[in-house]
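In what follows, a structure is listed as structure tokens, so that the remarks can point back to it.
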Amino acid sequence: MHSFPEHLLKGHANFMAGRYLREKDRYRELADGGQTPTTMIIACCDSRAAPEMIFDAAPGEVFVLRNVANLVPTYQPDGGQHGTSAAIEFAVKALHIPNIVVMGHGRCGGIKAALNPDARPLDAGDFIGKWMSMLGELPGQLGTNSMMTATEQQTALERISIRNSIRNLRTFPYVAELEKAGKLAVHGAWFDISTGELWVMNNESGDFVRPQL
């Protein structure tokens with residue numbers, strides 16, 4: 001029988017002796033009073049791009065949804081099981097979160113897979129391929145540009161995908177209604193793993209720019 005990973009146990013011990021000890025009152029308040037985060041972040045599963053670390057968030061401050069390549073599907077109220085849509089529904093309808101951030105990142109494995117559709121699937125189920133097919137024709141359109149390097153194509157698709165997810169997010173009726181009423185703001189961001197830089201999408205132009213504090 002395999003034992004629980006020792007580095008995780010040591011990490012938890014450090015957490016208890018450090019951050020939890022410093023913020024135990026806050027944790028107890030969150031346990032008793034529930035969560036009231038002000039921002040939902042839809043991010044990638046990639047272990048190198050953890051939103052709580054990137055934004056130095058306190059406990060209970062951000063409601064995080066992570067999936068492969070931080071994709072948002074269109075609103076599909078059918079009989080299927082929609083984990084991402086369920087999280088969005090809970091954040092907006094139950095927690096009344098006023099901000100949603102779709103955050104992509106550099107060197108994303110899901111985006112790389114989308115740009116290489118002929119690569120052999122990791123498994124017969126090809127769940128990654130099916131999930132990334134949500135991007136439709138976007139990867140193929142970039143792939144036809146022979147003047148772009150593979151790295152340029154990937155960075156471009158990482159950012160285009162964020163815009164696409166935001167467009168899909170707005171197909172949720174309550175998201176569109178609340179945004180129109182000024183009660184919900186939708187944002188895009190892209191994180192560069194190698195430099196730590198954060199690029200924020202301009203909501204008017206769609207361009208990604210470095211924010212100035």
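Keep in mind that what you see is a predicted model, and the values were worked out from it rather than measured. All residue numbers in this chain count up from 1 along the given sequence.
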Scan the side chains in residues 21-32 for donor-acceptor partners under 3.5 Å anywhere in the protein, sequence neighbours excluded, and list what turns up.
{"from": "Glu23", "atom 1": "OE2", "to": "Arg19", "atom 2": "NE", "distance (Å)": "2.7"}
{"from": "Arg26", "atom 1": "NE", "to": "Pro59", "atom 2": "O", "distance (Å)": "2.7"}
{"from": "Arg26", "atom 1": "NH2", "to": "Pro59", "atom 2": "O", "distance (Å)": "2.8"}

Listing, residues 84-95 side-chain donor-acceptor contacts under 3.5 Å, not counting sequence neighbours, or none:
{"from": "Thr84", "atom 1": "OG1", "to": "Asn67", "atom 2": "ND2", "distance (Å)": "3.0"}

Contacts under 3.5 angstrom, residues 111-128 side chains, donor-acceptor by atom type, not counting sequence neighbours:
{"from": "Asn116", "atom 1": "ND2", "to": "Lys112", "atom 2": "O", "distance (Å)": "2.7"}
{"from": "Asp123", "atom 1": "OD2", "to": "Gly125", "atom 2": "N", "distance (Å)": "3.0"}
{"from": "Asp126", "atom 1": "OD1", "to": "Gly129", "atom 2": "N", "distance (Å)": "3.1"}

Contacts under 3.5 angstrom, residues 36-44 side chains, donor-acceptor by atom type, not counting sequence neighbours:
none

Which side-chain N or O atoms in residues 156-165 pair as donor and acceptor under 3.5 Å with protein atoms at least two apart or in another chain?
{"from": "Glu158", "atom 1": "OE1", "to": "Trp190", "atom 2": "NE1", "distance (Å)": "3.1"}
{"from": "Glu158", "atom 1": "OE2", "to": "Arg107", "atom 2": "N", "distance (Å)": "3.0"}
{"from": "Glu158", "atom 1": "OE2", "to": "Cys108", "atom 2": "N", "distance (Å)": "3.0"}
{"from": "Glu158", "atom 1": "OE2", "to": "Gln154", "atom 2": "NE2", "distance (Å)": "3.1"}
{"from": "Arg163", "atom 1": "NE", "to": "Gly206", "atom 2": "O", "distance (Å)": "2.9"}
{"from": "Arg163", "atom 1": "NH2", "to": "Gly206", "atom 2": "O", "distance (Å)": "3.0"}
{"from": "Asn164", "atom 1": "OD1", "to": "Arg167", "atom 2": "NH2", "distance (Å)": "2.6"}
{"from": "Ser165", "atom 1": "OG", "to": "Asn70", "atom 2": "O", "distance (Å)": "3.4"}
{"from": "Ser165", "atom 1": "OG", "to": "Val72", "atom 2": "N", "distance (Å)": "3.0"}
{"from": "Ser165", "atom 1": "OG", "to": "Ser161", "atom 2": "O", "distance (Å)": "3.3"}

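For the ring-ring contact (aromatic ring centres under 6.0 Å, His included) test, residues two or more places apart in sequence or in another chain that qualify with Tyr75 are Phe172. For Asp207, the side-chain hydrogen bond (donor to acceptor under 3.5 Å, both in side chains) partners at least two apart in sequence or on another chain are Ser205. In this structure, the side-chain hydrogen bond (donor to acceptor under 3.5 Å, both in side chains) partners of Asn99, at least two apart in sequence or on a different chain, are His187. Among residues two or more places apart in sequence or in another chain, the salt bridge (Lys or Arg N to Asp or Glu O under 4.0 Å) test is passed with Glu137 by none. In terms of the side-chain hydrogen bond (donor to acceptor under 3.5 Å, both in side chains) criterion, residue partners of Glu179 (sequence neighbours excluded) are, by chain and number, Arg170. In this view, Glu6 and Lys10 satisfy the side-chain hydrogen bond (donor to acceptor under 3.5 Å, both in side chains) rule, not counting sequence neighbours. Take Glu52 and apply the salt bridge (Lys or Arg N to Asp or Glu O under 4.0 Å) test, not counting sequence neighbours, and it matches no residue.
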